[in-house]
Amino acid sequence: QVQLVESGGGLVQPGGSLRLSCAASGSIFSINVMDWYRQVPGKERELVAIITSGGSTSYADSVKGRFTISRDNEKNMVYLQMNSLKPEDAAGYYCNAIVVLTPAGGYLEVWGQGTLVTVSS
């Protein structure tokens with residue numbers, strides 16, 4: 001069984017910063033892609049940022065230049081540094097990962113439970 005647990009959400013003023021963390025645990029051989037999504041009630045879940053096992057990254061246009069995704073492969077963790085936050089960044093943020101279960105293969109897509117980010121003065 002594999003779990004993802006996010007942390008770091010909270011209330012921040014516009015222009016402020018937050019750092020989200022996501023820890024993967026369980027029967028993990030390695031993790032391929034790790035990414036962050038966000039969702040506002042009534043809207044579809046949106047891909048925010050993605051990072052491969054080799055460290056290549058990609059971002060939604062709406063967060064480029066303000067958010068930075070990074071990972072620690074030894075600790076099975078992924079982070080999202082969010083700077084210059086705007087009210088429209090407020091959402092539930094969800095960690096997602098494609099986990100390799102054994103050296104012979106076997107893949108599992110896992111989601112975290114989400115952490116809430118509120119941007120308000």
Side-chain angles (χ1 to χ4, degrees):
Q1 188 173 1
V2 178
Q3 284 187 318
L4 298 179
V5 178
E6 302 99 333
S7 61
L11 172 64
V12 63
Q13 292 185 344
S17 298
L18 279 177
R19 187 189 192 219
L20 305 183
S21 300
C22 173
S25 63
S27 300
I28 299 169
F29 173 70
S30 66
I31 303 177
N32 283 351
V33 172
M34 302 186 83
D35 38 54
W36 289 94
Y37 283 75
R38 66 187 180 187
Q39 187 171 26
V40 175
K43 293 189 176 182
E44 290 190 0
R45 194 165 288 191
E46 171 192 22
L47 178 62
V48 175
I50 187 169
I51 185 166
T52 68
S53 57
S56 296
T57 60
S58 182
Y59 298 90
D61 287 343
S62 59
V63 307
K64 280 180 182 176
R66 300 187 298 121
F67 290 13
T68 302
I69 189 171
S70 61
R71 64 189 284 174
D72 184 329
N73 290 331
E74 289 189 2
K75 295 181 179 178
N76 287 332
M77 294 205 55
V78 63
Y79 307 95
L80 186 68
Q81 177 66 42
M82 305 186 295
N83 298 329
S84 303
L85 282 160
K86 304 174 181 180
E88 52 263 42
D89 294 318
Y93 281 73
Y94 298 85
C95 179
N96 172 269
I98 305 300
V99 175
V100 182
L101 299 174
T102 73
Y107 298 87
L108 181 66
E109 182 177 19
V110 187
W111 288 90
Q113 83 290 348
T115 186
L116 186 63
V117 172
T118 303
V119 184
S120 176
S121 55

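FYI, side chains are in, hydrogens and waters are out, and symmetry mates aren't considered; it's all heavy atoms of this structure.
- Trp36 and Ser21 make their closest contact through CH2-O, 3.6 Å (heavy atoms, listed as atom of the first residue, atom of the second, distance).
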Just list the side-chain donor-acceptor pairs under 3.5 Å for residues 1-10, sequence neighbours left out, or say none.
from, atom 1, to, atom 2, distance (Å)
Glu6, OE1, Gln113, N, 3.0
Glu6, OE1, Gln113, NE2, 3.4
Glu6, OE1, Gly114, N, 2.9
Glu6, OE2, Cys95, N, 2.8
Glu6, OE2, Gly114, N, 3.2

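- Linking Ile, Leu, Val, Met, Phe, Trp and Tyr whenever their side-chain heavy atoms come within less than 4.5 Å leaves Val40 and Val117 in two separate clusters.
- Scanning for side-chain hydrogen bond (donor to acceptor under 3.5 Å, both in side chains) contacts around Lys43 gives an empty result, with sequence neighbours left out.
- The disulfide (SG to SG under 2.5 Å) pairs that include a residue from residues 44-82 number zero, where partners must be two or more places apart or lie in different chains.
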Please list every donor-acceptor pair under 3.5 Å in which a side-chain atom of residues 79-90 meets a protein atom from a residue at least two apart or in another chain.
from, atom 1, to, atom 2, distance (Å)
Gln81, NE2, Asn83, OD1, 2.9
Asn83, OD1, Ser17, OG, 2.9
Asp89, OD1, Arg38, NH1, 2.9
Asp89, OD1, Arg66, NH2, 3.0
Asp89, OD2, Arg66, NH1, 2.7
Asp89, OD2, Arg66, NH2, 3.4
Asp89, OD2, Lys86, N, 2.8

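- Distance CD1/Ile50 to CE/Met34: 11.0 Å, rounded to 0.5 Å.
- The shortest heavy-atom contact between Ser121 and Pro14 is N-CD, 3.7 Å.
- Residue pairs satisfying the disulfide (SG to SG under 2.5 Å) criterion with at least one member in residues 28-66, sequence neighbours excluded, are absent.
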Under 3.5 Å, which donor-acceptor pairs link side chains of residues 69-76 to any protein atom two or more places apart or in another chain?
from, atom 1, to, atom 2, distance (Å)
Arg71, NE, Asn73, OD1, 2.6
Arg71, NH1, Asn32, O, 2.6
Arg71, NH1, Ile51, O, 3.3
Arg71, NH1, Thr52, O, 3.1
Arg71, NH2, Ile31, O, 2.9
Arg71, NH2, Asn32, O, 3.4
Arg71, NH2, Asn73, OD1, 3.1
Asp72, OD1, Glu74, N, 3.1
Asp72, OD1, Lys75, N, 3.1
Asn73, ND2, Ser53, O, 3.3

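- Pairs engaging residues 51-62 under the salt bridge (Lys or Arg N to Asp or Glu O under 4.0 Å) rule: Asp61-Lys64 [sequence neighbours left out].
- Scanning for side-chain contact (heavy atoms from CB on, under 4.5 Å) contacts around Ala23 gives Met77, with sequence neighbours left out.
- Leu18 and Val119 end up in the same hydrophobic cluster when Ile, Leu, Val, Met, Phe, Trp and Tyr side chains are linked at under 4.5 Å.
- For residues 37-88, there are no disulfide (SG to SG under 2.5 Å) pairs, not counting sequence neighbours.
- Using a 4.5 Å cut-off on side-chain heavy atoms (C-beta onward), Thr68 and Tyr59 make contact.
- Within the model, atoms CG of Leu47 and OH of Tyr94 stand 15.0 Å from one another, a figure rounded to the nearest 0.5 Å.
- Other residues sharing a hydrophobic cluster with Leu116 under the 4.5 Å side-chain heavy-atom criterion for ILVMFWY residues do not exist; the residue is a singleton.
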Identify every side-chain donor-acceptor pair in residues 102-111 under 3.5 Å, counting partners at least two apart or on other chains, and give the distances.
from, atom 1, to, atom 2, distance (Å)
Thr102, OG1, Ala104, N, 3.2
Thr102, OG1, Gly105, N, 3.3
Thr102, OG1, Gly105, O, 2.7
Glu109, OE2, Asn96, ND2, 3.0

Passes side chain to side chain contact (heavy atoms under 4.5 Å, CB included), Val12 versus Thr118? Steps please. CA-CA 6 Å; Val12 63; Thr118 303; over 6 Å; no

